[in-house]
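Taking it in order: structure first as structure tokens, then the write-up.
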There are 2 protein chains.
Amino acid sequence: MTATPTPRVTIKDVAARAGVSKGAVSLAFNHKPGLSEATRDRIFLAARELGWSPSLTARTLAGSRVDVVGLAVCRPARVLGLEPWYMEFVSGVQSVLTEHSSSLLLRLVRNMDEEVGVQETWWRGRQIGGSILVDFRADDPRVAMTERLGMPVVAVGHPSLTGGLTSVWTDDATAVTEAVRYLAALGHRRIARVGGAADLGHTAIRTAAFDETAGALALAGAWQVATDFSGDAGARATRSLLTAAPADRPTAIVYDNDIMAVAGLSVAAEMGLRVPEDVSLLAWDDSQLCRLTHPTLSAMSHDVHGFGADVARTLFSVISEGEGGSHPVPTPVLTPRGSTAPPR
Amino acid sequence: MTATPTPRVTIKDVAARAGVSKGAVSLAFNHKPGLSEATRDRIFLAARELGWSPSLTARTLAGSRVDVVGLAVCRPARVLGLEPWYMEFVSGVQSVLTEHSSSLLLRLVRNMDEEVGVQETWWRGRQIGGSILVDFRADDPRVAMTERLGMPVVAVGHPSLTGGLTSVWTDDATAVTEAVRYLAALGHRRIARVGGAADLGHTAIRTAAFDETAGALALAGAWQVATDFSGDAGARATRSLLTAAPADRPTAIVYDNDIMAVAGLSVAAEMGLRVPEDVSLLAWDDSQLCRLTHPTLSAMSHDVHGFGADVARTLFSVISEGEGGSHPVPTPVLTPRGSTAPPR
DNA sequence: ACTCTTCACTGGACCGGTTAAGGGAGTGCG
DNA sequence: CGCACTCCCTTAACCGGTCCAGTGAAGAGT
């Protein structure tokens, strides 16, 4: 029951066992020149026998690079779990980190001030070698913070939001336009969009693009609602959109994520409307969820896993080569499934 | 474009500005006795002016406690995002970590060997102060590893799987029994279970409990299928269960998570079967998804967020007080919704 | 045979904190 | 007045690595 005392083995022990100095062990483990093959082997052997691996903490303190990447996600206090988008994104990030033997330092924060504090503490305390910044909003304080700290980051967001930071982004405006044009091409003249959180930059971009496209196509009706991305909010929004008289309500709805689209599907069923005959539904983000409903959900699909991987790769090149710039990734493409059709 | 040089401010700068020694600053920041109020204030003022916060790296190296918690999740190579359960679990863990100003070091690994290696490296390198171990299987190598390393951990799993480790667990056997009894009470005599990954310990426990209960109730039919927890697998399993002749197929299906239950719902619809009239469906884990489908999904529900929080709290007491033992949390309770009813 | 390189390795300062031991000033007391 | 006892603060060793200047021996060049 008593805690086993941990016999901490250090570089000194390895050096002693291999009959060399600490410096030599350090050289060997960092694959630096200046050691004979024989010595190198002896050192690795000794290390293996003692079960030693270098202390990242000490290594970090001594000034070499830190191989931990930070990610702070801003969510309200009692979160009901992250959306599928995040999990896929994180898993994509991880897949690249793993190749570099890095880990992800994850933290949920409640607001932007807290995030700024956390990032600053992480960086100052040399906890992380760089960070991934997500959910940009207008006049985001993290732009100034990053420049002040000189911390390597990758900003996930449109360059108009991320200032001079290295950014990786999807072209949300074009995607929204494509979505609306597709629905219009099917014959829809009254289209609604159930959007995400209004304070998020990419939501604003999508909202503007929707308005513009609706205007350009001279739609007979165009509605937009802001939500908090939750299924419940998506359900409420859908319910209020669909309670209007048949001649006045939208015949197609675009959702800003897939959870809300699933909720919309169920609201339609509950109200006795058939999808896609009575109303077409188009989701965003296309996680496996979209293929599991009945009818299956048409979606603007997007390789979120690959996106996360791209972000991570970009971060590594920022860290090692100070690379900057703006990196667009492929625009989400429309994947028609069973939830969209011409209006009756 | 050139990287901004980071002007790293250290404890020495703060000491100089406050006109004291490094040691005094350290005392102040650790709230230890031996300093006058006046000096303490002067030190905090200086720190604030310089924007200094102690380097966790250095602090860790100097032997004090590490406030990062590890979590390695074992998934096949190219993951399509984690299940909702994980997201809620992680968010519950985070909520407690945040109170302690700790962060979560997250890593996706491909197999058990890799996980053991990662945990060992983390602990040896003083990257983490303790770890959360999940997804136990029979003869799990992490039990021996933990004892060998003397690392504080909390094992998420039934004590029969986690050996002498401090464990936090839900009573899966009782929950399965309750689920089956409930369906039997509704009048179902042919019941199937779409289970999770067969190599996981809790899956085995559920499988055994299902068999036992089916036997005890002398059901006319009892099927069990193993899957990988994915929606696709859930859909396949459901399809094959429901293709039998009406008199031979199950009238109720229990799923091991909610994603598979959603998939099952859609398969039923696709096959022209009504839920719950033709077949009842019962989910597990009860994330928001279950309330968003139509019909809504009955589920064995379980406060996963709270569970994560409990696990984190337990880990902190293991770290600080070496607490051990086995901590059951409340058994999942049945939440009947629209997907279960008496068979026709 | 002598100096000049090159190679392989050592010694020790250093990273930024913590902590135990020590020291000087101020007070209480015989 | 001298001594002990606090109270506050300083000093310096240490944590486990990295890194650079330096050393000693072998080989090359003349």
Side-chain angles (χ1 to χ4, degrees), chain A residues 5-44 46-47 50-68 121-129, chain B residues 5-44 46-47 50-68 121-129:
Chain A
T6 310
R8 230 171 242 306
V9 23
T10 78
I11 198 175
K12 223 182 311 183
D13 304 316
V14 176
R17 182 171 246 268
V20 295
S21 69
K22 299 196 306 173
V25 177
S26 179
L27 290 180
F29 265 78
N30 290 302
H31 301 105
K32 295 197 174 172
L35 288 182
S36 66
E37 270 312 308
T39 310
R40 219 173 271 277
D41 290 346
R42 220 158 10 100
I43 291 173
F44 281 121
L50 293 173
W52 177 80
S53 57
S55 153
L56 288 189
T57 309
R59 181 177 274 185
T60 298
L61 182 55
S64 79
R65 124 131 111 306
V66 191
D67 48 9
V68 170
T121 305
W122 276 349
W123 174 250
R124 285 255 180 68
R126 276 182 166 282
Q127 292 258 92
I128 55 174
Chain B
T6 310
R8 230 174 243 302
V9 25
T10 77
I11 198 173
K12 224 183 309 186
D13 305 314
V14 176
R17 181 170 246 267
V20 295
S21 68
K22 297 199 306 175
V25 177
S26 178
L27 290 180
F29 265 77
N30 290 302
H31 301 104
K32 294 199 174 175
L35 289 183
S36 66
E37 271 312 306
T39 312
R40 217 173 272 276
D41 290 346
R42 230 167 351 113
I43 291 172
F44 281 121
L50 294 173
W52 177 79
S53 55
S55 154
L56 287 188
T57 309
R59 184 176 269 185
T60 299
L61 181 55
S64 80
R65 119 134 113 306
V66 191
D67 47 15
V68 170
T121 306
W122 277 349
W123 174 250
R124 283 254 179 69
R126 274 184 165 280
Q127 293 257 95
I128 57 174

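Throughout, a chain's letter reflects where its sequence line sits, starting with A, and its residues are numbered from 1. Nothing here was measured: the structure is a model prediction, and the numbers come from that model.
- Taken from OG1 in A:T60 to CD1 in A:I128, the straight-line distance is 12.0 Å, to the nearest 0.5 Å.
- Comparing D:dT18, C:dG16, C:dC9 against the side chain of B:A58 picks out C:dG16 as the nearest.
- Between A:S21 and C:dT10 there is a side-chain N or O to OP1 or OP2 distance below 4.0 Å.
- Between B:K12 and A:R42, it is A:R42 whose nearest contact on DNA chain C lies nearer the 5' terminus.
- Following rounding to the nearest Å, A:Q127 (CD) and C:dG17 (P) show an atom-to-atom distance of 12 Å.
- Atom pair A:L27:CG and C:dC9:P shows a separation of 9 Å (rounding to whole Å applied).
- Within the 4.5 Å cutoff, no side-chain heavy atoms of A:V25 are placed close to those of A:K22.
- Between C:dC15, D:dT10, D:dC8, one nucleotide has an atom nearer to the side chain of B:S36 than all others, and that is D:dC8.
- Here the nucleotide nearest the side chain of A:T39, chosen from D:dG17, C:dA8, D:dC9, is C:dA8.
- Here the P atom of nucleotide D:dC7 and the CG atom of B:L35 are 13 Å apart, to the nearest Å.
- Note: CG (B:D13) to P (C:dC15) measures 11 Å, nearest angstrom.
- Residue A:T57 is classed as having no contact, given no heavy-atom separation below 4.0 Å to the nucleic acid.
- No side-chain heavy atom of A:F29 sits under 4.5 Å from any side-chain heavy atom of A:I11.
- Comparing D:dT18, C:dT18, C:dT10 against the side chain of B:I11 picks out C:dT18 as the nearest.
- In the set D:dG17, D:dT10, C:dG17, D:dG17 carries the atom at the smallest distance from any side-chain atom of A:K22.
- Residue B:T10 has no polar side-chain atom (N or O) positioned under 4.0 Å from OP1 or OP2 of C:dC15.
- Rounded to whole Å, atom C1' of C:dG16 lies 11 Å from atom CZ of B:R59.
- Using a 4.0 Å heavy-atom cutoff across all strands shown, A:V20 reaches sugar-phosphate atoms only and no base atom.
- Here the P atom of nucleotide C:dA8 and the CD1 atom of A:I43 are 13 Å apart, to the nearest Å.
- Expressed to the nearest 0.5 Å, how far CG of A:L35 lies from OG of A:S26 amounts to 9.5 Å.
- Residue A:L61 contributes atom CG, which lies 12 Å from atom P of D:dC19 at whole-angstrom precision.
- With rounding to the nearest 0.5 angstrom, the CZ atom of A:R59 is 9.0 Å from the OG atom of A:S53.
- Of the side-chain N and O atoms in B:K32, none sit less than 4.0 angstrom from OP1 or OP2 of C:dT18.
- Computed from coordinates, the B:D41 CG to D:dC9 P distance equals 11 Å when rounded to whole Å.
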